[in-house]
Protein chains: 2
Amino acid sequence: MATDTYTRILDCAQSLIVTRGYNAFSYADIAAEVGVGKATIHHHFPGKADLAVAVIARYRQATADGMGAMAAQVTQADMRLRAYVGFWEQCIRDNNAPFCIAALLAAELPSLPPEVAEQVKAHFDELIGRLTMFIEEGLRSGALKSPDSAETSARVLVASVHGAMLAARVAGGDAELFSSITQAALQRLNG
Amino acid sequence: MATDTYTRILDCAQSLIVTRGYNAFSYADIAAEVGVGKATIHHHFPGKADLAVAVIARYRQATADGMGAMAAQVTQADMRLRAYVGFWEQCIRDNNAPFCIAALLAAELPSLPPEVAEQVKAHFDELIGRLTMFIEEGLRSGALKSPDSAETSARVLVASVHGAMLAARVAGGDAELFSSITQAALQRLNG
DNA sequence: AGTTATCTACCGACTAGTTGGTCGGGAGTC
DNA sequence: GACTCCCGACCAACTAGTCGGTAGATAACT
């Protein structure tokens with residue numbers, strides 16, 4: 001189903017979105033980097049919106065898988081949150097994919113094709129949903145404390161992570177800065 | 001010095017950047033909305049980067065003026081932070097300019113012309129600097145509490161505000177959501 | 001006062017290059 | 001023969017930016 005070329009186009013598109021967002025990458029960029037004709041990209045993804053949707057859909061799946069695997073390994077709620085934040089800290093440190101594509105696309109939201117915007121919203125909902133579950137469990141077991149609801153706490157954490165990503169990007173990819181901001185957000189839940 | 005047309009071009013460019021970012025607006029868009037020829041825009045701002053730099057430079061000045069006036073009126077540190085956050089809450093509620101252009105451009109940073117990127121960084125530095133001063137004063141007077149340094153506290157607050165902007169945008173301009181996230185960030189400093 | 005020179009604001013028409021997207025066809029595989 | 005994968009060549013629309021030129025105001029010189 002997923003050809004090598006298909007996957008490489010997807011990979012390339014994702015890394016271009018991470019650095020430039022939706023509006024500033026082109027089929028020509030991908031064609032040049034992957035080493036295929038522009039028409040090939042259109043063969044796999046009829047339109048630019050289709051390509052972006054495929055990227056985010058795969059990203060959502062990867063997030064679901066990754067979070068599931070992590071939750072299976074890590075059972076304590078506070079450690080789960082720490083793992084989520086730590087994942088991004090590592091991404092920034094490795095300069096690998098130092099930005100959540102959903103957060104980037106969220107900023108561009110009003111200029112996005114509707115199908116793409118839907119995917120972005122869906123990712124946000126899923127992410128908040130998952131973290132809310134972790135926090136709820138942590139509040140029940142007493143591992144976490146919060147004056148706010150679990151959902152609000154999840155939203156505050158995600159906002160801190162996304163804001164910290166912006167700060168780190170402005171600071172030239174400063175992983176320490178990201179860490180110092182998000183640590184403070186985590187401590188809020190650790191009593 | 002500042003002609004009417006000049007200012008209107010600047011206004012239009014700013015509102016386009018707020019909704020679409022740097023890469024997704026064009027001289028044609030501005031020309032159509034302002035009702036001038038494209039060449040007129042080039043007359044006032046030779047290149048697109050010049051236009052963007054002018055927008056952010058004016059934005060930085062407006063921020064400096066606004067924060068200065070606010071600090072003159074509001075003397076308590078916690079109320080100053082509340083005023084900063086409240087300003088953005090109002091912007092989102094009025095659907096006026098519901099996003100900080102510096103935060104938006106920060107996301108696009110790697111694809112920005114160097115001069116524009118410089119302006120974005122400068123705004124971040126200034127903003128963090130101002131809020132750090134407010135918080136330092138609050139910590140000295142005992143109006144605020146924080147286990148972290150004043151600068152880190154400022155960065156956490158800004159990150160929360162920017163992250164909350166993203167969340168509100170994804171939620172279709174939900175000012176209540178922005179408020180609930182940022183309130184939690186403020187309470188962290190109110191002991 | 002009248003003419004001339006200079007400057008700013010502006011515009012229509014143009015350019016070279018890029019954008020996303022189409023089309024017909026070739027190569028290989030089942 | 002049908003299907004997938006891929007490509008070169010092409011397209012209309014759009015991109016930022018340039019060009020020569022016009023209208024009007026201001027100033028300068030006679």
Side-chain angles (χ1 to χ4, degrees), chain A residues 1-17 19-58 101 104-105 108-119, chain B residues 1-17 19-56 58 101 105 108 110-117 119:
Chain A
M1 201 67 185
T3 326
D4 182 53
T5 304
Y6 179 92
T7 308
R8 275 164 59 214
I9 292 172
L10 225 41
D11 291 343
C12 181
Q14 177 155 355
S15 85
L16 282 173
I17 292 178
T19 50
R20 314 223 273 244
Y22 180 82
N23 296 298
F25 84 91
S26 76
Y27 272 46
D29 295 327
I30 298 176
E33 191 156 338
V34 176
V36 297
K38 274 197 312 173
T40 302
I41 308 173
H42 282 286
H43 167 69
H44 291 287
F45 311 95
K48 195 181 181 182
D50 300 293
L51 174 54
V53 165
V55 168
I56 316 174
R58 189 182 65 161
I101 57 172
L104 221 174
L105 294 174
E108 298 183 293
L109 208 71
S111 72
L112 254 38
E115 322 97 273
V116 181
E118 275 310 308
Q119 289 284 329
Chain B
M1 200 69 185
T3 327
D4 182 52
T5 304
Y6 178 92
T7 309
R8 277 166 58 217
I9 292 172
L10 227 42
D11 292 342
C12 183
Q14 176 155 358
S15 84
L16 281 174
I17 291 177
T19 50
R20 313 222 274 244
Y22 179 81
N23 295 297
F25 83 91
S26 77
Y27 273 45
D29 294 328
I30 298 177
E33 191 157 335
V34 176
V36 297
K38 274 197 313 171
T40 302
I41 307 174
H42 281 285
H43 168 68
H44 290 287
F45 309 95
K48 195 181 180 182
D50 300 292
L51 175 54
V53 165
V55 167
I56 317 176
R58 190 181 64 160
I101 57 172
L105 294 174
E108 298 184 292
S111 71
L112 254 39
E115 323 98 272
V116 181
Q119 288 285 330

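The basis for the numbers below is simple: all heavy atoms, side chains too, and nothing from hydrogens, waters or symmetry mates. Reminder, nothing fancy here: chain letters follow the sequence lines and each chain counts from 1.
- Minimum atom distance to the side chain of B:His42 is reached by D:dG17, of the listed C:dG21, D:dG17, C:dC11.
- Nucleotide C:dC10 holds its C1' atom 13 Å from the CZ atom of B:Arg8, rounded to whole Å.
- Here the closest non-hydrogen pair linking B:Tyr22 and B:Ala52 is CE1-CB, 3.5 Å.
- At a cut-off of 3.5 angstrom, the base of C:dG21 holds no donor-acceptor pair with the side chain of A:Lys48.
- Rounded to an integer number of Å, the gap from OH of B:Tyr27 to P of C:dC11 is 15 Å.
- Put simply, CG on B:Asp29 is 17 Å from P on D:dA13, counting in whole angstrom units.
- Each of B:Leu51, B:Val55, B:Val53 was compared with B:Val116 under the side chain to side chain contact (heavy atoms under 4.5 Å, CB included) criterion, and only B:Val53 meets it.
- Residue B:Asp4 contributes atom CG, which lies 19 Å from atom P of C:dT8 at whole-angstrom precision.
- For the pair B:Ile9 CD1 and D:dG17 P, the computed distance is 14 Å after rounding to whole Å.
- Taking only side-chain nitrogens and oxygens, A:Thr5 never comes nearer than 4.0 Å to OP1 or OP2 of D:dC5.
- The residue B:Phe45 sits apart from the nucleic acid: no heavy atom pair falls under 4.0 Å.
- For A:Asn23 and C:dT18, the CG to P distance is 18 Å, given to the nearest whole Å.
- Taking only side-chain atoms of B:Lys38, from C-beta outward, the nucleotide of D:dA16, C:dG20, D:dC5 with the closest atom is D:dA16.
- When the side-chain nitrogen and oxygen atoms of B:His44 are compared with OP1 and OP2 of C:dT8, none of them lie within a distance under 4.0 Å.
- We find that OH of B:Tyr22 is positioned 13 Å from P of D:dT15, with the value rounded to whole Å.
- Taking 4.0 angstrom as the limit, A:His43 places none of its side-chain polar atoms (N or O) nearer than this to OP1 or OP2 of C:dT22.
- Distance, A:Asp50 CG to C:dG21 C1': 12 Å, rounded to whole Å.
- Among the nucleotides C:dG21, C:dT22, D:dT18, the one closest to the side chain of B:Ala39 is D:dT18.
- Close to C:dT18, at under 4.0 Å from its OP1 or OP2, lies no side-chain N or O of A:Ser26.
- In the model, A:Asp4 has no side-chain atom that pairs as donor or acceptor with a side-chain atom of A:Thr7 under 3.5 Å.
- Remark: A:Thr40 is not in phosphate contact with D:dC5, judged by side-chain N or O atoms under 4.0 Å from OP1 or OP2.
- A:Arg8 contributes a side-chain N or O that, together with a main-chain N or O of A:Val34, makes up a donor-acceptor pair within less than 3.5 Å.
- Take B:His43 and apply the ring-ring contact (aromatic ring centres under 6.0 Å, His included) test, not counting sequence neighbours, and it matches no residue.
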